[in-house]
Structure formats: C-alpha cells, structure tokens
Amino acid sequence: MTVPIDDYRGSGLVFPEDFTFGSATAAYQVEGGAAEQGRTPSIWDTFSHTPGLVWNGDTGDVACDHFHRVEQDLDLMAELGLQAYRFSIAWPRIVPVPGGGANGAGVDFYSRLVDGLLERDIRPVATLYHWDLPQYLEDAGGWASRATVDAFAEYAAIMGAALGDRVQTWTTLNEPWCSAYLGYGQGGHAPGRHEPASALAAVHHLNLAHGHALQALRAASTGDPDYSVTLNFHVLRGQGDGAAEAVRRIDALANRAFTGPLLRGEYPADLLADTASVSDWGFVQDGDLQTIHQPIDVLGVNYYSTATVRLWDGVSPQQRNDGHKGAEGGTAWPGSDRIVEFAPQPGPHTAMGWNIAPDGLEELLVSLSEQFPGQALMVTENGAAFDDEVAPDGSVRDAERTDYLRRHFTAAHRALARGVDLRGYFVWSLLDNFEWGYGYAKRFGIVRVDFDTLERTVKDSGRWYQRLMRTRTVDA
Ligand code: IFM
C-alpha cells in the first residue's frame, strides 16, 4: 500500500538515547590520491578512465581529496556532531599487488582515520568492500571467479588485525546487488561486463566472500566489534496483469538472492528455477551455504526509493515513448515466457529520477523485522541528490533535501514505534562526491564540495541534521 508522502512530516518525534546518528561515504567516491602511497588501480579507475562510460569523463583521481584532507574532514564531522562515521576501505590501497601482502602506508591511512574518529568521540563503522575491486583480481576473473573469495578473506584478515581493536562495526560488503548485477550483468558499473551467468556467479561469490571475511574478522579482531553486511533492498510495487509474479521474480533476484543465503542459509528455490536457463548454479559447492550463514549483529539497510515492476507487454520502451528507465536502468531478467521490466514511477522525484517514497522505508523496516525476527537493523544509507544552487552569500539552501530527510527520519521513527529493532541511521552522504556513472553531476552531500577549489560548505540540510543529532528530535 502506498501512503501519501505528506503523512511523513513528523513534528516533535524524539529518537531514543541509544539511537546512533551518522553519515556515510565510500573510498572511491571521496578519497582521491588514486596513485599515492602504493595504491594501484581498482576496477573503478579502469572503468572511469574508459571514454564514454562515466558522465563528462569524470574519474575518482582527486574526488573530494579526502585522502589529503582527512583532518579537516574529521573536524567537520565533529563540528556537525556525528556520532558515527561509515567509511569504506580501498582494497587496492591495502593489497596493491597480487600476493604482495599488506601495504603499510595504506593500512596506516585508515588507522589514522580511526584514531581521529575515536579522538572526536565518533564511532568508526568500516566497510571492507564498496565496489573497488583491485584491477589485478578482475583481470583474473573478478567476482565471477572463486579465487577472488580467497583474496577477500586474506584482505579481511589484514584489516581485522590492523583495526579490529578499534573499529566498532565491521561491514563486509556494501550492496552486493550492484557489484554483481550492475557490474557483471547490466554493465553500467565496473567492470562493465554483460554476462548474465557471470552475474549469478558473482552473487554467490560475494555471498561466500562475506562468510569467509566474517570468519577472518572475528578471528583477528581483538576488540568487541559488531559484524554486519549492507544490502540495498528493492521495495517493490507490481503493475498490470501478472503484477504479483513480476514482484516475486524481482524479489527473488534482488532481495532473497542475498537474504536467503546470508540469513537463512539457503538460496530460494524459485530463484534457482527462474534462472535455470542462465545458470545451473554449479558454482555453489558443498559447505558454502554454512560458511555464508554466519550470525551477524546488525543488518545494514540502504534505501532510497521504491520500484515498480511489470511483466513486459511486448512493446519496446522506444515504441511506448514513456521515458522508461528502470530503477537501475532497464529491463530485468529473462524469466519463463515473459520478462519483467521496471516501470516509470510517479513523482515527486529526486535529481536521480528516483521517486520519493518514505512509506517504502517504513514498510521495508517492518517487513525485515517480521521476516527475520530478532535481527537488529541499521539504516546504513538514505539521502537524496538535488540540483543545489549556491546563493550569492555562499550558502546552499537545499530545502528539498532537508524535506526528504525529515520524511525518511519520520518513517524510521514510525518503524521504531512499531517495534522494529532499529539501531541507527546514516545519511548518504557526508560530502558531495563521485556518483559512479554520473560522475560529479549528482550531489548527495549534506556538505557541498566545490570540485574546483575542493572547499567544503555545510548545506542547510547539514545544519538541520546537526540540530536533529543534538536534540534527537525531528522538527517540523
Ligand atoms: O552513491 C551511492 C553509494 O555508493 C551506494 N548506494 C547508493 C548511493 C547513491 O546512488
């Protein structure tokens, strides 16, 4: 059921004392310093340097220059009052060459970041993999190859030993859906492959990498961190005849392909049947599902919008001329006789063209806590891109972003009131940054980055969030 978004304007809603407010970034999107202190290329360096693949030819070579401005950014986080900071670690900074062991300079960068956070009383939430696979591993097969799982476990062991005394939450993977399907199936993300069978192999190898990495982190961490994984869930609406079937298929492919093995220790039977013409899933070996199915302390939930799906009616998007664009660009998986496509969504929309639907967040959180009773949840990403304008006095009056955040915090509060064990919320993103295929064209930050001068300016939404974190109260 879709609830009118004007219902989501909470006023005076108070979050509990132990609810964590944070903000998030990812290594390739903010760091820059792409060739410094031993770092070698990741698949996103290769992809972004390939003409025509990223808007405007933008790359992450410099990004927000966070690699050099880390102290300034830490002070900014403290000034805003962040209680936690979710960052990711660039794998090719840590293990720059095959079999070469840990790069001390790379490890030291993250060690200083973690120390800087703790000095400012900000909890470090570290993600091992936010899409920047070392290029040398892609050259050997990437996530379609099982050998990448072993390399990930070695990398996890290095980071567990280096930071496991101080990191408070470890997240293995961010949005493996994107890594597998966009990277190996649809091709809009690095490494840009269009191989449906490889995409399914990547799904399994990412799930397996999560399991092995958790074991390695647990063995190496000497502190008492929480362990987690972050998924981007598809909150689905069906359309037309066969709506329920369209929803079932995409739910299997996008959601249950991950929650099944990670949280139940099995792949859904309908997923295996739906994809049988593409793969026999022979890459799943004895014992894999036990390895994947590790207990986690908290499940990370990334949410931006809902998606509407329908069984394809045989009319091409061009013929229909309805501006068709899937949530992630295009027609979905071949099923049996009819394929499923993503339908245009009614507005309002953000600058990404994503519909604004806070009810979807409440519904998702309640649904997850019903599907997985006892599983604590954390919103690890939520936020919005808008075409910000800088006022003559230099300020950024991003009322639309503030409104988006207010509605989604209201949705989270409603989920809490309905009994969901929701531990916290990370706004995406702290800084405007490299938005993958969109380059620097889309701004998600609550802090503006001028990509010519690299100057940071807290937007009105950042000041709004600062008040929320201080008062724990969603104002009207
Ligand atoms: O910028 C991305 C992030 O890297 C992963 N989740 C979605 C964000 C917005 O597209």
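This chain uses plain numbering: 1 for the first residue, then up along the sequence.
- In terms of heavy-atom proximity, Leu253 sits nearest to Tyr181 at O-OH, 2.7 Å.
- Asp65 has a carboxylate O that lies under 4.0 Å from a charged side-chain N of Arg69, or vice versa, which qualifies the two as a salt bridge.
- Listed by first and then second residue, the salt bridge (Lys or Arg N to Asp or Glu O under 4.0 Å) pairs that reach into residues 390-400 are Asp393-Arg397, Arg397-Asp460, Asp398-Arg401, sequence neighbours excluded.
- With a 4.5 Å cut-off on side-chain heavy atoms, Ile356 and Asp403 do not count as touching.
- The salt bridge (Lys or Arg N to Asp or Glu O under 4.0 Å) analysis of residues 251-261, with sequence neighbours excluded, yields the pairs Asp251-Arg256, Arg256-Asp270.
- For the pair Gln83 and Phe19, the minimum side-chain heavy-atom distance is 4.5 Å or more.
- Residues that satisfy the ring-ring contact (aromatic ring centres under 6.0 Å, His included) test with Phe233, not counting sequence neighbours, are absent from this structure.
- With hydrogens and angles left out, the side-chain atoms of Trp143 and Tyr129 include a donor and acceptor closer than 3.5 Å.
- Atom-to-atom distance recorded for Leu468:CG and Ser461:OG is 12.0 Å, nearest 0.5 angstrom.
- For Thr59 (side chain) and Asp61 (main-chain N/O), a donor-acceptor pair under 3.5 Å exists by modelled atom type.
- Take Asp421 and apply the salt bridge (Lys or Arg N to Asp or Glu O under 4.0 Å) test, not counting sequence neighbours, and it matches Arg423.
- Partners of Phe258 according to the ring-ring contact (aromatic ring centres under 6.0 Å, His included) rule, which considers only residues two or more places apart in sequence or in another chain, do not exist here.
- Applying the side-chain hydrogen bond (donor to acceptor under 3.5 Å, both in side chains) criterion to Asp241, with sequence neighbours excluded, gives Arg338.
- Ser23 places a side-chain N or O within donor-acceptor distance of the main-chain N or O of Val427, the cut-off being under 3.5 Å.
- The stretch residues 58-90 participates, sequence neighbours left out, in these ring-ring contact (aromatic ring centres under 6.0 Å, His included) pairs: Phe67-Phe109, Tyr85-Phe87.
- In terms of modelled atom types and a separation under 3.5 Å, the side chain of Arg9 and the main chain of Arg407 share no donor-acceptor contact.
- Here the CH2-CG distance, from Trp436 to Leu182, works out to 11.5 Å after rounding to the nearest 0.5 Å.
- When only modelled atom types and interatomic distance are considered, Tyr440 and Asn433 share no side-chain donor-acceptor pair under 3.5 Å.
- Contact between Ala34 and Asp45 at its shortest, heavy atoms only, is CB-OD1, 3.8 Å.
- Looking only at atom types and distance, the side chain of Tyr8 has a donor-acceptor partner in the side chain of Glu362 under 3.5 Å away.
- Between Arg237 and Glu363 there is a salt bridge, since a side-chain N of the basic residue sits under 4.0 Å from a carboxylate O of the acidic one.
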Notebook entry, point to check: Stepwise, does the ring-ring contact (aromatic ring centres under 6.0 Å, His included) test hold for Trp131 with His189?
Noted result: CA-CA 9 Å; Trp131 310 351; His189 276 196; 5.0 Å; yes
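- Expressed to the nearest 0.5 Å, how far OG1 of Thr127 lies from CD of Glu175 amounts to 10.0 Å.
- The heavy-atom pair separating Gln466 from Leu80 by the smallest distance is CG-O, 3.3 Å.
- A distance-only check finds no donor-acceptor pair linking the side chain of Glu31 to the backbone of Ala63 [under 3.5 Å].
- Here the side chain of Arg249 pairs no donor or acceptor atom with the backbone of Leu271 at under 3.5 angstrom.
- For the residue pair Thr259 and Gln371, no side-chain donor N or O sits within less than 3.5 Å of a side-chain acceptor on the partner.
- Counting only residues at least two apart or in different chains, salt bridge (Lys or Arg N to Asp or Glu O under 4.0 Å) contacts with residues 439-453 comprise Asp432-Arg443.
- A distance of 12.0 Å separates OG1 in Thr172 from OH in Tyr227, rounded to the nearest 0.5 Å.
- Residues passing the ring-ring contact (aromatic ring centres under 6.0 Å, His included) test with Tyr184, sequence neighbours excluded: none.
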Next item on the list: Any chance you could lay out the side-chain hydrogen bond (donor to acceptor under 3.5 Å, both in side chains) test for Gln345 and Thr306, step after step, and finish with the verdict?
Entry: CA-CA 8 Å; Gln345 293 274 79; Thr306 58; 2.9 Å; yes
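- Residue pairs meeting the salt bridge (Lys or Arg N to Asp or Glu O under 4.0 Å) criterion with at least one partner in residues 113-130, sequence neighbours excluded, are Glu71-Arg120, Asp75-Arg120, Asp115-Arg166.
- Within the 4.5 Å cutoff, side-chain heavy atoms of Leu163 are placed close to those of Val167.
- Every residue two or more places apart in sequence or in another chain was checked for a salt bridge (Lys or Arg N to Asp or Glu O under 4.0 Å) with Asp297, and none qualifies.
- Here the shortest heavy-atom pairing between Gln168 and Leu118 reads NE2-CD2, 4.1 Å.
- Listed for the Asn207 side chain is a donor-acceptor partner under 3.5 Å among the backbone atoms of Ala257.
- Inter-residue side-chain proximity for Arg456 and Cys64 is flagged as met; some heavy-atom pair is nearer than 4.5 Å.
- Side chain to side chain, Asn232 and Asn174 fail the donor-acceptor criterion of an N or O pair below 3.5 Å.
- Looking only at side-chain heavy atoms (C-beta outward), Lys459 and Asp388 come within less than 4.5 Å of each other.
- Listed for the His194 side chain is a donor-acceptor partner under 3.5 Å among the backbone atoms of Gln186.
- There is no side-chain donor-acceptor pair under 3.5 Å between Trp177 and Asn255.
- For residues 376-407, the pairs satisfying ring-ring contact (aromatic ring centres under 6.0 Å, His included) are Tyr404-His408, with sequence neighbours left out.
- Note: Phe21 and Phe15 meet the aromatic proximity criterion, with ring centroids under 6.0 Å apart.
- Of all the heavy atoms in Ala156 and Leu128, the pair that sits closest is CB-CD1, 3.6 Å.
- A pairwise comparison of heavy atoms in Phe444 and Tyr304 identifies CE2-CE2, 3.8 Å as the closest pair.
- Judged by distance alone, the side chain of Ser42 and the main-chain N or O of Pro92 form no donor-acceptor pair under 3.5 Å.
- No hydrogens or angles considered: a donor-acceptor pair under 3.5 Å links the side chains of Ser228 and Thr171.
- Between Ile296 and Gln375 there is a side-chain heavy-atom pair separated by less than 4.5 Å.
- In this structure, Glu381 and Phe426 have side chains that are not in contact, with every pair of non-hydrogen atoms separated by 4.5 Å or more.
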Notebook entry, point to check: Are Trp464 and Asp475 close enough, and set up right, to give a side-chain hydrogen bond (donor to acceptor under 3.5 Å, both in side chains), and what steps lead you there?
Noted result: CA-CA 9 Å; Trp464 176 86; Asp475 63 22; 2.8 Å; yes
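- For the residue pair His130 and Ser88, no side-chain donor N or O sits within less than 3.5 Å of a side-chain acceptor on the partner.
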Next item on the list: Assess whether ring-ring contact (aromatic ring centres under 6.0 Å, His included) is satisfied between Tyr425 and Tyr303, documenting all intermediate values.
Entry: CA-CA 11 Å; Tyr425 200 120; Tyr303 174 83; 10.0 Å; no
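- Of the options Tyr28, Phe152, Trp44, a ring-ring contact (aromatic ring centres under 6.0 Å, His included) to Trp91 is made by Phe152 and by none of the others.
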